[in-house]
Amino acid sequence: MAGPLAECVAQLTPAVEVAVAAPSLPSSADLAAQLAGPPGWDLLPTSTPLQLVSAAGEPVASELALPAGDVLLDLHRRMVVGRRFDTQATALTRQGRLAVYPSSRGQEACQVGAPAALRPQDWLFPTYRDSVAVVTRGVDPLETLTLFRGDWHLGYDPYEHRVAPQCTPLATNTLHAVGLAYAARLKGEDTVALVLLGDGATSEGDTAEALTCAGVWQAPVVFLVQNNGYAISVPLAKQTAAPSLAHKGVGHGVPGVLVDGNDAAAVHAVVGAAVARAAAGGGPTLVEALTYRMEAHTNADDATRYRADGEVAAWRDRDPVDRLERLLAARGLLGHDAREALAAEAEQLAGRVREGTAGDADLDPLALFDHVYAEPTAQLRAQRRQLAEELG
Ligand SMILES: Cc1ncc(C[n+]2csc(CCOP(=O)(O)OP(=O)(O)O)c2C)c(N)n1
Ligand SMILES: [Mg+2]
């Protein structure tokens with residue numbers, strides 16, 4: 001090596017040898033103390049998922065309290081309305097009104113329980129699967145569907161409800177969430193970021209990097225893994241040999257919590273506790289919610305090719321909406337009239353979504369090029385010309 005590069009390397013090489021002490025290994029007592037984690041949250045998750053309401057709708061005693069009756073009613077209402085929205089969106093793909101829609105049917109306890117635990121100043125970082133979570137956070141349902149109609153833009157203002165764009169590249173949103181949360185803390189703001197990801201997304205390098213940074217910086221982030229058993233057709237057993245996905249936190253110094261992901265009360269309580277801990281300076285939490293996607297991956301997928309009917313039926317018995325409904329009915333909080341009113345509210349929303357998507361979307365494919373760079377490159381200009389010619 002000679003010339004300018006050699007000079008550069010010489011400048012970067014320290015002239016003085018620095019003596020580096022060999023790192024001392026922690027004692028087993030130190031390790032045990034670290035694994036015990038912060039008060040109330042162990043680094044290692046429990047082996048059974050935390051539950052507050054059983055599949056039969058019975059209350060379950062736990063370290064966390066069952067949310068109050070009005071909170072449970074609100075969670076139930078949002079799940080019923082959210083499910084109707086989701087069913088309508090799936091139907092619209094069959095009519096060609098939506099280009100694509102990834103359903104979250106069966107995952108409503110996460111879709112509602114988690115975002116409902118956020119405070120107004122917090123941020124949500126959703127994926128393509130999480131339209132019901134976006135709606136739960138307050139974004140208009142029609143605006144939420146803009147992207148799925150094939151438009152180039154998001155349809156909603158991320159700053160209005162503090163909802164980041166629904167992320168299609170897996171796990172990239174984990175890094176966005178950590179960056180935003182850490183920056184907010186540096187600015188002295190009281191903001192927590194909740195990032196939603198799937199079981200498959202935990203295999204991405206981005207997730208490992210996000211957990212590392214969140215742990216080192218003690219960033220106020222809550223990672224919620226919706227483990228629905230599959231990454232498209234790939235089952236969890238082919239995705240990881242870890243005892244649970246919540247265990248993936250320990251190597252990064254991030255406490256892991258395992259929760260029944262079809263129990264809206266439990267998801268709400270766990271995420272609420274994690275948000276409160278993060279806001280109080282307690283650092284990040286990795287929550288794994290065990291759930292199931294009842295529909296296919298998207299309208300472009302046939303789930304019968306890789307899932308047995310019996311498996312789907314078993315999860316139908318653990319339906320998140322039914323179980324909360326049973327609990328509320330047993331407590332005399334949800335009568336016939338209230339159910340009717342709720343069904344009417346859900347139907348009204350579905351009607352509004354149908355009307356709003358009835359005409360052809362007003363799409364301008366060339367607008368795709370308008371906001372890439374302030375000054376488009378020669379390559380982009382050529383691509384734009386080519387598309388314009390094709391469109392005629
Ligand atoms: C970086 C990246 N690789 C591959 C894909 C293609 N892809 C789209 S969805 C998906 C499966 C994701 O599974 P999971 O994280 O479990 O989320 P789920 O769809 O079950 O909600 C894959 C591989 C992608 N979107 N991004
Ligand atoms: Mg999955």
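If you read the sequence from its start, that first residue is 1, and numbering goes on from there. In each ligand, atom 1 is the first atom listed, and ligand 1 is the first ligand listed.
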Side chain to side chain donor-acceptor pair (under 3.5 Å) between Gln111 and Thr136, intermediate numbers included: CA-CA 8 Å; Gln111 293 290 306; Thr136 300; over 6 Å; no
Quick one, Gln107 with Arg293, criterion side chain to side chain donor-acceptor pair (under 3.5 Å). Give me CA distance, side-chain angles, the key distance, then yes/no. CA-CA 6 Å; Gln107 300 183 206; Arg293 116 171 107 66; 5.6 Å; no
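For a distance bound of 2.8 Å, the N, O or S atoms of Tyr230 include one lying that close to the Mg ion (ligand 2). At a threshold of 2.8 Å, the Mg ion (ligand 2) has no backbone or side-chain N, O or S atom of Asn227 nearer than that distance.
Within ligand 1, the atoms closer than 4.0 Å to a non-hydrogen atom of Gly200 are 14 (P), 15 (O), 16 (O), numbered from 1 in the order shown. Ligand-side atoms of ligand 1 in range of His297: 9 (S), 19 (O), range being under 4.0 angstrom from any heavy atom. Less than 4.0 angstrom separates some heavy atom of Ile232 from each of these atoms of ligand 1: 10 (C), 11 (C), 22 (C). Taking every non-hydrogen atom of Arg129 and a distance limit under 4.0 Å, the qualifying atoms of ligand 1 come out as 18 (P), 19 (O), 21 (O). Numbered from 1 in the order shown, with element, the atoms of ligand 1 that lie under 4.0 Å from a heavy atom of Asn228 read 18 (P), 20 (O), 21 (O).
One side chain, Glu288 or Asn227, offers a donor N or O that lies under 3.5 Å from an acceptor on the other. Side chains of His76 and Arg323: no donor on one and acceptor on the other come within 3.5 Å. Side chains of Gln239 and Tyr230: no donor on one and acceptor on the other come within 3.5 Å. Gln166 and Ser131 form a side-chain donor-acceptor contact under 3.5 Å, judged by distance and modelled atom types alone. A donor-acceptor pair shorter than 3.5 Å cannot be found between the side chains of Asn228 and Thr291. In this model, a donor atom of one side chain and an acceptor atom of the other lie less than 3.5 Å apart for Gln226 and Asp130.
Between Arg78 and Asp74 there is a salt bridge, since at least one side-chain N of the basic residue sits less than 4.0 Å from a carboxylate O of the acidic one. Using a 4.0 Å cut-off between charged side-chain N and carboxylate O, Arg316 and Asp322 make no salt bridge. One finds no salt bridge joining Asp260 and Arg318 here, because no Lys/Arg side-chain nitrogen approaches an Asp/Glu carboxylate oxygen to under 4.0 Å.
Proximity annotation for atom 23 (C) of ligand 1: of Asp130, Thr298, Thr127, Leu170, Leu170 comes nearest, heavy atoms only. When the options Ala201, Gly205, Ala231 are ranked by their closest heavy atom to atom 15 (O) of ligand 1, first place goes to Ala201. Taking only non-hydrogen atoms, the option from Tyr128, Tyr230, Tyr292 nearest to atom 12 (C) of ligand 1 is Tyr128.
Looking at Arg293 next to ligand 1, no N or O pair under 3.5 Å apart turns up.
When only non-hydrogen protein atoms are considered, atom 3 (N) of ligand 1 lies nearest to Glu204 OE2, 4.0 Å. Here the protein heavy atom with the shortest distance to atom 25 (N) of ligand 1 is Thr168 O, 3.0 Å.
The minimum distance between the Mg ion (ligand 2) and any N, O or S atom of Asp199 involves atom OD1.
Proximity of Pro169 to ligand 1, defined as any heavy-atom pair under 4.0 Å, is confined to the backbone N, CA, C and O atoms. At a heavy-atom distance under 4.0 Å, no atom of Gln226 approaches ligand 1.
Checking atom 6 (C) of ligand 1 against the protein gives no heavy-atom contact under 4.0 Å.
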